[in-house]
Amino acid sequence: DQQVKQNSPSLSVQEGRISILNCDYTNSMFDYFLWYKKYPAEGPTFLISISSIKDKNEDGRFTVFLNKSAKHLSLHIVPSQPGDSAVYFCAASPIEGAQKLVFGQGTRLTINP
Amino acid sequence: KAGVTQTPRYLIKTRGQQVTLSCSPISGHRSVSWYQQTPGQGLQFLFEYFSETQRNKGNFPGRFSGRQFSNSRSEMNVSTLELGDSALYLCASSFTYKGQGWTQYFGPGTRLLVL
């Protein structure tokens, strides 16, 4: 049972435009969400997180939106840069600080010049 | 501050053998978690250690085990290797949650190939 789903395996965006990556979850107990970026031959790198008490969190070019009623979150990257080309994972946990993260399958983002 | 390190980076084993992977967390981090990444299953949680004790466990068979030492370094062991154990094994460390901004920091992983 896939509790965290990233339904788009891949996404292609033109440089300078907005990239929107989506994530859905089924477990209503999830309360804290994270986005990671992963390059080949490297471990995932933390990008941004959001707690369920918020519906939006920003960090530079990255913004995460959370819609609890729809059990949906999205990551917006504006403007998209070539270095953003990577696989993006969303992850969820029941509380902030809980060590057992549940990951989605990942979305491969390609930024085209 | 040095990041999470994992050794070895690559490993080739044959079915039936056992393997031990090592992870050194970021200095000051006491929690170490292990994940398995495969193309079909994505990233799946194996177990977490804190202060030398296993605190959380995922849904993996008993062939997968781990331990943590007093310096927070951790090892995971897989016995009686199967072809399906071929994967990228990732270690992550984290600090004790103190209010906000918590995350896990991942190492580069150990790529295991079972022939």
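Chain letters run A, B, ... following the sequence lines, proteins first and then strands; every chain starts at 1. In this text the structure is predicted, and so the values were computed from the model without any measurement.
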Legend entry - Verify same cluster id: B/V4, B/L21 (apolar side-chain graph, 4.5 Å): no
Inset, instruction - Identify the heavy atoms of B/Q37 and A/F89 that sit nearest to each other, and give their distance. - result: NE2-CZ, 3.5 Å
Inset, instruction - Select one option (side chain, backbone, both, neither) describing which atoms of B/R55 are under 4.5 Å from chain A's heavy atoms. - result: side chain
Legend entry - chain A contact via B/L46 - side chain, backbone, both or neither, heavy atoms under 4.5 Å: neither
Inset, instruction - Could you tell me whether B/F106 and A/F46 have their ring centroids closer than 6.0 angstrom? - result: no
Legend entry - Residue selection (most heavy-atom pairs with chain A, distance under 4.5 Å) from B/S31, B/G109, B/S33: B/S31
Legend entry - Whether over 12 other heavy atoms sit under 6.0 Å from B/R63 CZ: yes
Legend entry - No-hydrogen, no-angle side-chain donor-acceptor test under 3.5 Å, A/T45 and B/Y105: no
Inset, instruction - Could you tell me whether a side-chain N or O of B/R9 sits under 3.5 Å from a main-chain N or O of A/A41, the two making a donor and an acceptor? - result: yes
Inset, instruction - Please check if A/F65 and A/Y32 belong to a single hydrophobic cluster, counting links between Ile, Leu, Val, Met, Phe, Trp and Tyr side chain heavy atoms closer than 4.5 Å. - result: no
Legend entry - Reported NZ-to-CD distance for the pair A/K100 and B/Q44, which is rounded to 0.5 angstrom: 10.0 Å
Legend entry - ILVMFWY network linking A/Y36 to B/F95, side-chain heavy atoms under 4.5 angstrom: yes
Legend entry - B/Q104 CD to A/S93 OG distance, which is reported to the nearest 0.5 Å: 8.5 Å
Legend entry - Portion of B/Y35 that has a non-hydrogen atom of chain A nearer than 4.5 angstrom: side chain
Inset, instruction - Following the transitive rule for hydrophobic clusters with a side-chain heavy-atom cut-off under 4.5 Å over Ile, Leu, Val, Met, Phe, Trp and Tyr, establish whether B/V19 and B/Y49 coincide in one cluster. - result: yes
Inset, instruction - Select one option (side chain, backbone, both, neither) describing which atoms of A/L101 are under 4.5 Å from chain B's heavy atoms. - result: both
Legend entry - Closest approach of B/L90 to A/G43 (non-hydrogen atoms, all atoms of both residues): CD2-CA, 4.0 Å
Inset, instruction - Let me know if B/E48 has heavy atoms under 4.5 Å from chain A in its side chain, its backbone, both or neither. - result: side chain
Legend entry - CG-OG1 distance between A/L47 and B/T103, expressed to the nearest 0.5 angstrom: 9.5 Å
Legend entry - B/N71, CG atom: more than 12 neighbouring heavy atoms under 6.0 Å: yes
Inset, instruction - Side-chain contact test, heavy atoms from C-beta onward, threshold under 4.5 Å: evaluate it for A/K38 versus B/L43 and give yes or no. - result: no
Legend entry - Centroid-centroid distance, A/F103 to B/F45, less than 6.0 Å: no
Legend entry - Common cluster, A/I50/A/F62, ILVMFWY with side-chain heavy-atom separation under 4.5 Å: yes
